[in-house]
A.B. asks: 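Let me give you the structure first, and then I'll get to my questions.
Here is the naming used below: chain letters follow the sequence lines, and residue numbers restart at 1 for every chain.
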Amino acid sequence: MNQQGVFPAVTEILPDIAELVTAAARSCGMIDAHVAQLELAVDEACTNIIQYAYAGRDGGKIEILCEDDREDFLVAIRDNGVPFDQTQPTEPDLDSPIEERQIGGLGRFFMRKCVDDLTYLRENDHNVLILRKRIR
Amino acid sequence: MIECTTTKESGLARLNIKGRIDTNTAPQVQKELDDLIAAGEQKIVLNLEEVHYVSSAALRVFLVTQKQLKRSGGEVILCGAAPSVMEVFKLSGFDQIFRVVKGEEGM
């Protein structure tokens, strides 16, 4: 079953994207703990698109397509902002004491931790990010 | 959408948050915390019982505030986090740099 939606690239719509993706994931039987992880990964990805791929440019769109192939659930996120590969790792510092703890890099770290696979394509002037998560 | 209320009990300021803390709503939480600090609060309990979701934007706000308060001997205490929210704290190592309590008993 496929579910899709097109959203304006503004932070106000993040809950709407979360609702689409989590409802689609639940409807194919994904367990709650995995749904919560998927929600976090998708939210971080869309936030990065708004903040970096579009960098405040007005009128941008985010397209979401959800599909499942029985074992895995896939979310494809498409935008036509500047080329932006979110699969490149960041190295947030997770162990240092509070005084030295750095603030950046957590979003992409969460994305990598919360899904089983991340793929990036640049296709016809669009960024396409595909998140794959096991249903069970 | 997010709702914040502040209360004060036994010398502890308490920020009660309801809703989802993401990039859109994190600035509102930051403002509430800044206001409490400006009012002289040093120990702030974040009541997360009615928060069902946090992203890295929420963690950024918590960390900035914790750094600021620690410099003057204060502290942010995270209270009542749901399992899904707790999971995000563990993933980021935040359970090591914050006092995380289930309810009132840890304070």
A.B. asks: Need one label for A:Glu39: side chain, backbone, both or neither, based on atoms under 4.5 Å from any heavy atom in chain B.
C.D. replies: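 The answer is both parts of A:Glu39.
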A.B. asks: Below 4.5 Å from any heavy atom of chain B, which atoms of A:Ala18 appear? Answer side chain, backbone, both or neither.
C.D. replies: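 For A:Ala18, the side chain is the part near chain B, not the backbone.
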A.B. asks: Hey, does the side chain of B:Asn47 reach the backbone of B:Glu49 with a donor-acceptor pair shorter than 3.5 angstrom?
C.D. replies: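 Checking the backbone N and O of B:Glu49 against the side chain of B:Asn47, a donor-acceptor pair under 3.5 Å is found.
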A.B. asks: Looking only at heavy atoms, what is the nearest atom pair of B:Val54 and B:Val85, with distance?
C.D. replies: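 Residues B:Val54 and B:Val85, closest heavy atoms: CG2-CG1, 3.9 Å.
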A.B. asks: Check whether B:Val88 gets within reach of chain A through its side chain, its backbone, both or neither, counting any heavy atom under 4.5 Å.
C.D. replies: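 Both the backbone and the side chain of B:Val88 come within 4.5 Å of chain A.
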A.B. asks: Using a 4.5 angstrom heavy-atom cutoff, name the option from A:Val10, A:Asp43, A:Leu14 with the most pairs to chain B.
C.D. replies: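 Looking at each of A:Val10, A:Asp43, A:Leu14 in turn, A:Asp43 comes out on top.
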A.B. asks: Side chains of A:Thr11 and B:Thr23 only: does a donor on one sit below 3.5 Å from an acceptor on the other?
C.D. replies: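 There is no such pair (donor and acceptor under 3.5 Å, judged by atom type) between the side chains of A:Thr11 and B:Thr23.
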A.B. asks: Between A:Asp85 and A:Gln88, do the side chains contain a donor N or O and an acceptor N or O under 3.5 Å apart?
C.D. replies: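 There is such a pair (donor and acceptor under 3.5 Å, judged by atom type) between the side chains of A:Gln88 and A:Asp85.
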A.B. asks: Quick one: which of B:Gln66, B:Arg71, B:Lys67 has the most heavy-atom pairs under 4.5 Å with chain A, could you say?
C.D. replies: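 Most heavy-atom pairs under 4.5 Å with chain A: B:Lys67.
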A.B. asks: Looking at A:Arg132 and A:Asp72, is there a salt bridge between them, counting it only when a charged N and a carboxylate O are closer than 4.0 Å?
C.D. replies: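 A salt bridge links A:Asp72 with A:Arg132.
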A.B. asks: For the candidates A:Leu94, A:Ile50, A:Ile13, which exhibits the highest count of non-hydrogen atom pairs separated by less than 4.5 Å from chain B?
C.D. replies: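 That would be A:Leu94.
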A.B. asks: What orientation do A:Phe84 and A:Tyr52 show, parallel under 30°, tilted 30 to 60°, or perpendicular over 60°?
C.D. replies: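 Judged by the thresholds at 30° and 60°, the geometry between A:Phe84 and A:Tyr52 is tilted.
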A.B. asks: So which of A:Gln51, A:Lys113, A:Arg101 has the largest heavy-atom pair count under 4.5 angstrom toward chain B?
C.D. replies: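 Ranked by contacts with chain B, first place is A:Arg101.
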A.B. asks: Need one label for B:Phe98: side chain, backbone, both or neither, based on atoms under 4.5 Å from any heavy atom in chain A.
C.D. replies: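 Contact with chain A: none, neither part.
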A.B. asks: Distance only, no hydrogens: is a donor on one side chain within 3.5 Å (strictly under) of an acceptor on the other, for A:Asp79 and A:Asn127?
C.D. replies: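 Yes, side-chain donor-acceptor contact under 3.5 Å.
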A.B. asks: With a 4.5 angstrom heavy-atom cut-off, which part of B:Ser55 approaches chain A: side chain, backbone, both or neither?
C.D. replies: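 Contact with chain A: backbone and side chain both.
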